[in-house]
Every structure is written in C-alpha cells, then in structure tokens.
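Read the structure below first, then the notes.
Worth knowing before you read on, the calculation uses all heavy atoms, side chains too, and leaves out hydrogens, waters and symmetry mates. Whatever order the structure lists ligands and atoms in, that order sets their numbers, starting from 1. What you see is a predicted model, and the numbers here were worked out from it, not measured in a lab.
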Amino acid sequence: MTTKRKLQNQDFARVFEDIATLLQARGDSVFKTRAYSRAADAIGNLQFDLATASEEELRKLPGFGDAIVTKVQELAETGELQFFEKLKAEMPAGILEITQVPGVGPKTAMRAAQELGIDSREALQASIESGEFESLPRISNKVAQNILRHLKSRISQGQRVPIGQALPEAERVMSALQDAVNGIRNLTCAGSLRRHRETIGDIDMLCSADDPEAVMEAFTTLPMVRDVMSKGATKSMVVMDSGLQFDLRVIPDEAFAATLLYFTGSKEHGIRLRDRANKRGLSLNEYGAKNIETDELEEFASEEAIYERLDLPYIPPEIREDTGEIDLAEQGELPRLITAEDVRGDLHSHTDWTDGRFSMEEMAEAAKEAGFEYLVVTDHSKSATVAGGLSVEKLAEHNEAVRELDKKLSGIRLLTGTEMDILADGSMDYPDDALAELDVVLGSIHSQMDQDEKTMTARIISAMENENLDIVAHLTTRRIGRRAPVDLDFDAICRVAVETGTLLEINTSTQRLDLKDTHIRRAMDLGVMFSLGTDSHRIHQFVDLRYGIGMARRGWCTPDRVVNTLPHAAFLKFLSTPKPERYAFMESYDHKS
Ligand code: DGT
Ligand code: CA
Ligand code: CA
Ligand code: ZN
C-alpha cells in the first residue's frame with residue numbers, strides 16, 4: 001500500500017541544490033548555477049508550504065523568476081522535473097553522491113567520474129586508499145587524506161537519522177495520530193529517541209487504547225506514511241515520506257510500564273535489569289515480573305515501581321546504557337541530571353549584524369519567549385569573513401546596540417559578547433582591550449580544521465590561556481553526518497580548561513551537538529565546567545536547547561557544573577571573578593537556593 005507523496009519544502013530545496021551542483025560540474029556559468037542555489041537557500045527559510053503556494057506567493061520570493069517558478073509548479077504537480085531528470089541522465093553517475101562528501105566540489109567530482117570512473121562513495125574511498133585519486137589535478141596527499149577522513153566518518157554512520165530531524169518528526173506523527181483517532185492514551189516514544197541518542201535508527205512508539213484496531217487503521221493511513229510494511233491487530237510498522245521507519249504497539253494499560261521499560265532499552269541495560277530480577281526470583285518481561293516459582297505475574301503502574309521492585313531508584317532513560325548506571329544507582333549515588341528548567345540564560349546567539357537572519361530585538365524577544373532570563377549576543381569576529389564578521393569598530397557599535405536594547409527591553413537581560421575565531425596559531429581575532437570590554441568571549445575554530453592533533457591541541461590550549469577567553473565553543477567543530485570532528489587531545493584540553501578556568505561549551509545546535517555525550521562524561525570526570533549555547537541564528541532555534549540537554553544528560557552532567565544555570569545576578573558575579581578563580585566560584589555557589 002502506497003500513498004502519493006506530497007513534496008516538502010526540503011525536497012524542492014534538494015532538487016535545486018542538486019541542479020546547481022550538476023550545472024557547476026558540467027561547467028555552466030556561475031551566473032546560471034547561482035540562480036538555483038539561491039532558490040534553494042530561499043526555500044530553506046520559508047514559513048509556508050511550497051507545494052500548495054499560489055503563483056503570486058512564489059513570485060514574491062527572492063530570485064524566483066519564470067525559470068524557478070515553473071519548475072516549482074511542475075514539481076508540485078507531477079512530483080518530478082523533466083529538466084532535472086534529463087540533466088541527471090546526461091551526467092556521469094555518482095556526481096551528486098560524491099559531492100555530499102565535504103572537500104569534494106562539483107569540478108573534482110566530475111573529473112573523478114570522467115577520468116577515474118568514480119561513481120560512488122565506496123569507489124571514491126577505494127581510489128584514495130590506492131593513491132590513484134592523487135593523480136587528479138590539485139589533489140595533494142593532504143587534500144585526499146582529509147576527504148578520506150570525512151568519508152570514513154560518514155560511512156560509519158550508516159543510515160541513521162540525526163535526532164534533530166527524528167524528534168520533531170516523531171512529535172508531528174504523534175500529534176497527527178492524536179487528531180486522527182479517539183481514545184489513545186499514553187502515546188509515547190521509546191527506544192533510542194527516548195534515550196536521546198544523537199542518531200536514531202527507527203522510532204518505537206507505544207500507546208494504550210480502547211480500540212487498538214482503530215488506532216492501527218489511523219496510524220497506517222496517516223498522510224505522511226509512504227509505505228506500510230506490516231499491519232497487525234496491535235502492532236504496525238510503516239515508513240514515512242522522510243524515509244524514517246516507525247513502529248507502533250498498542251499495549252494494555254496494566255502492562256504499559258513494563259513494555260515501556262523494555263522498549264526504551266538499551267538492550268544492554270535491559271539485560272542487566274533482567275539479571276537483577278532473576279536474583280530476586282523474578283523473570284522480568286514485557287508484561288511485568290513473573291514469580292519464577294509460582295508463575296504469578298506482578299504488574300506495575302510505573303517504571304519507578306519496577307526499579308523499586310529491583311531495589312533501585314528510578315534511572316532516567318538517557319543514561320540507560322549499561323555504562324555504570326546500575327551500580328551507582330544501587331549505591332544511591334546517581335547524579336541529579338540537568339534539565340531544561342535549570343537553564344536560565346543562553347550564552348551563544350547570532351543576529352543580522354553577522355550571519356543571523358533576525359534583528360537583535362527579534363532574537364531577544366524569541367529568547368525571552370523560549371524562557372531564557374538572559375541572552376549573550378555573540379556575533380562573529382572579523383576573520384569570519386563568510387559570516388560577515390565584525391571589525392573592531394563595528395564590535396564597539398554592536399556592544400552599544402546590545403546595551404541600548406537591554407535598557408529598552410523588559411523580561412530579558414542582554415549581555416555583550418562575541419564568537420571570536422581562534423586563529424590558526426592560537427591567537428585571538430580581536431586585540432585584548434576589545435575583548436576585555438565584552439561580557440562574554442566565546443572562542444571557536446572556524447578555519448584550518450585539518451591541522452594535525454598536536455597543532456590543533458596547542459592552538460586551543462594557547463587560546464584558553466588568554467584571560468579574556470571565557471568559553472571554547474563547539475570544540476570539535478563536527479557537523480553530524482557532514483563533517484568529521486577535528487583531531488585533538490581531548491584530555492589535555494580538559495586539564496587546561498580546569499587549570500585556566502575556561503568553560504567548554506555544549507553547543508545545542510541540531511547540526512552540531514558538540515560536545516557530545518561521551519565527551520561530556522569524560523569532561524565531567526576530569527572536573528570541567530560547561531556552558532550551554534544554542535548558537536541560534538534564527539528565532540525558532542532557541543528551543544533546540546532540548547537537544548543539548550539530552551546530550552548533557554547522556555554525559556551525566558549535573559546543573560552545578562553548567563554556568564548558565566546561575567541566575568542573572570550570580571552569572572554577572574561569575575563573570576567579574578578573575579578567570580582562574582571561576583571554578584572555585586561555581587563550587588562554592590549554593591546551587592540549591
Ligand atoms: P535504534 O533504533 O537503532 O536507534 O536503537 P534502539 O535502542 O531504539 O533499538 P531498537 O529499535 O532495535 O529496539 C528498541 C528497544 O527494544 C531497544 O532499545 C531495547 C529493546 N530490544 C530490542 N531488541 C532487543 C533484544 O534483542 N533484547 C532485549 N533485551 N531488548 C531488545
Ligand atoms: Ca529504535
Ligand atoms: Ca525498533
Ligand atoms: Zn555561533
């Protein structure tokens with residue numbers, strides 16, 4: 001069973017991006033290719049559905065002339081674009097696939113295809129590994145090895161979907177299902193999504209209902225369903241338009257807690273719990289706990305009750321990975337994990353002064369709306385030329401604008417800041433006196449990301465030794481599924497962070513999630529303190545805090561280790577404390593009051 005698929009904005013954008021790539025590979029003029037990439041960009045920012053937009057609405061969009069408008073219409077009506085299909089057919093296979101790899105532009109992809117017959121990621125990897133790839137013009141060993149690094153990290157990731165895509169989609173599906181059928185209770189996601197892993201294989205949904213068959217019918221006929229893999233009386237499996245697979249099980253109320261525990265996983269955590277149950281004469285299953293001698297089934301009203309039956313406190317889903325949580329829980333020493341409610345301010349944001357899309361005032365209002373009490377405005381520094389980084393003079397004006405707006409607004413406090421490039425040699429992108437003026441200085445690696453581990457580590461350490469640099473932002477620079485992390489000695493950086501009083505950022509942007517869970521856990525052990533930053537470039541991105549909270553919780557992070565859990569006044573005190581004494585300030589602060 002297949003329903004006809006309605007194109008989403010991202011599908012249109014994808015087609016135009018692909019056209020731009022193919023035209024560039026073919027050697028068409030920049031003028032012509034740019035029209036398509038600009039159209040793709042414009043679509044990325046739209047607030048309405050392109051598939052159902054009127055011609056009038058389309059023509060109002062920047063760069064939407066006849067050529068683009070008719071193509072949008074053809075795509076919306078037929079689901080296909082003849083121009084694109086013909087173009088793809090004329091070009092060597094694999095160009096689009098290979099240009100997805102960072103470091104491989106359309107021209108290189110074309111040469112690789114024509115001269116070396118490279119038509120896939122796998123062929124590209126083989127060609128680099130054999131050294132053949134370096135026979136192409138302008139491909140040095142260093143360039144080739146860098147591409148290989150990206151290639152390997154991409155391949156190892158397989159077909160999993162980033163949580164930033166999976167979670168909103170799961171929420172849309174749940175709300176569509178609630179609307180489509182009456183009498184659904186406890187509708188929830190289990191599996192890796194509930195544990196907040198950074199990528200998701202498939203989505204495991206559970207609910208209870210009076211009429212399971214009506215729920216199955218509604219689920220398998222949701223408008224976003226592409227294929228129904230199986231449909232049963234209480235369990236169905238579908239693939240959505242996005243390609244994500246969803247399972248839904250209808251569970252009797254009395255078995256719900258046990259089933260939720262089972263399907264939340266992880267598998268390894270579940271195995272440990274079942275061992276524990278066995279030692280207590282119980283066999284834990286999806287329905288409850290069966291007494292091994294009497295065969296009698298004990299049922300549970302909540303996950304808490306099951307843990308309690310196993311002589312454990314409740315263990316939050318994010319840390320159910322069998323990495324020591326059960327032993328610690330047994331000793332009553334589980335940490336109190338940070339929550340979104342603990343976070344008072346956002347320490348990383350951009351406006352239209354640089355590469356943000358909204359004015360300072362719009363961003364401030366949105367941050368307030370999202371529940372933040374303070375916001376640091378951290379536009380880019382002068383070397384970030386692609387992002388329109390601010391000169392020293394502009395930075396002074398920016399500071400003034402932040403202070404003016406802070407006076408004007410109520411309900412949110414603004415602080416001055418910068419997201420400053422850490423230059424290739426570890427030096428600062430602004431003079432010290434300009435940095436000293438700012439409330440908060442973030443330092444970021446945005447250039448020369450292919451330095452070797454020793455150079456990169458020394459670069460970051462040298463930046464942390466500057467007394468004006470408060471926070472290292474998105475330390476590893478990875479972009480999930482797109483760009484591999486830089487090479488660095490993480491432990492060495494953590495040690496210097498502690499020595500110098502520098503914070504490491506947990507960047508909550510869905511593209512980055514950097515630091516990630518394993519880093520955070522290690523850094524927690526090494527005594528590091530953190531900041532949370534949404535890195536918002538648009539007003540709707542402040543809510544992405546939740547993804548960083550997921551990562552932080554997976555990293556066993558507690559609120560007392562995150563500086564922006566401090567109320568505004570205490571945060572100002574923190575900032576006015578000399579950098580080497582700031583960790584001590586956090587340690588002595590009474591986080592409970
Ligand atoms: P994913 O989908 O790859 O992102 O990861 P999960 O954790 O969602 O795994 P999935 O969808 O295969 O299964 C969902 C949960 O069901 C899993 O976290 C634990 C439970 N589960 C699945 N297979 C097994 C199994 O063979 N043994 C046990 N004990 N539990 C399992
Ligand atoms: Ca799953
Ligand atoms: Ca599954
Ligand atoms: Zn940023």
Next item on the list: Indicate the ring-plane relationship of His474 and His446, choosing parallel, tilted or perpendicular according to the 30° and 60° boundaries.
Entry: tilted
Note to self: With carbon and hydrogen excluded and only N/O/S kept, which atom of Asp204 is nearest the Ca ion (ligand 2)?
What the structure shows: OD2
Checklist line | Salt-bridge contact Glu303-Arg320 (side-chain N to carboxylate O under 4.0 Å) | finding: yes
Item checked: Arg197 heavy atom under 4.0 Å from ligand 1 -> no
Notebook entry, point to check: Relative to the heavy atoms of Gly191, which atoms of ligand 1 are at a distance of less than 4.0 Å?
Noted result: 8 (O)
Check: Which of the N/O/S atoms in Glu419 sits closest to the Zn ion (ligand 4)?
Finding: OE1
Note to self: Within ligand 1, which atoms have a heavy atom of Arg160 less than 4.0 Å away?
What the structure shows: 1 (P), 3 (O), 4 (O)
Check: Taking the N/O/S atoms of Asp535 one by one, which is nearest to the Zn ion (ligand 4)?
Finding: OD1
Note to self: For ligand 1 and Ser266, I'd like to know whether there is a polar contact (N/O to N/O, distance under 3.5 Å).
What the structure shows: no
Check: What is the NE2(His350)-the Zn ion (ligand 4)-NE2(His348) angle, to the nearest 10 degrees?
Finding: 90°
Next item on the list: Examine the proximity of ligand 1 to Ile203 and report which part, side chain or backbone, both or neither, has a heavy atom under 4.0 Å away.
Entry: neither
Next item on the list: Answer with side chain, backbone, both or neither: which part of Arg274 has a heavy atom less than 4.0 angstrom from an atom of ligand 1?
Entry: side chain
Item checked: Side chain, backbone, both or neither: Asp204 near ligand 1, heavy atoms under 4.0 Å -> side chain
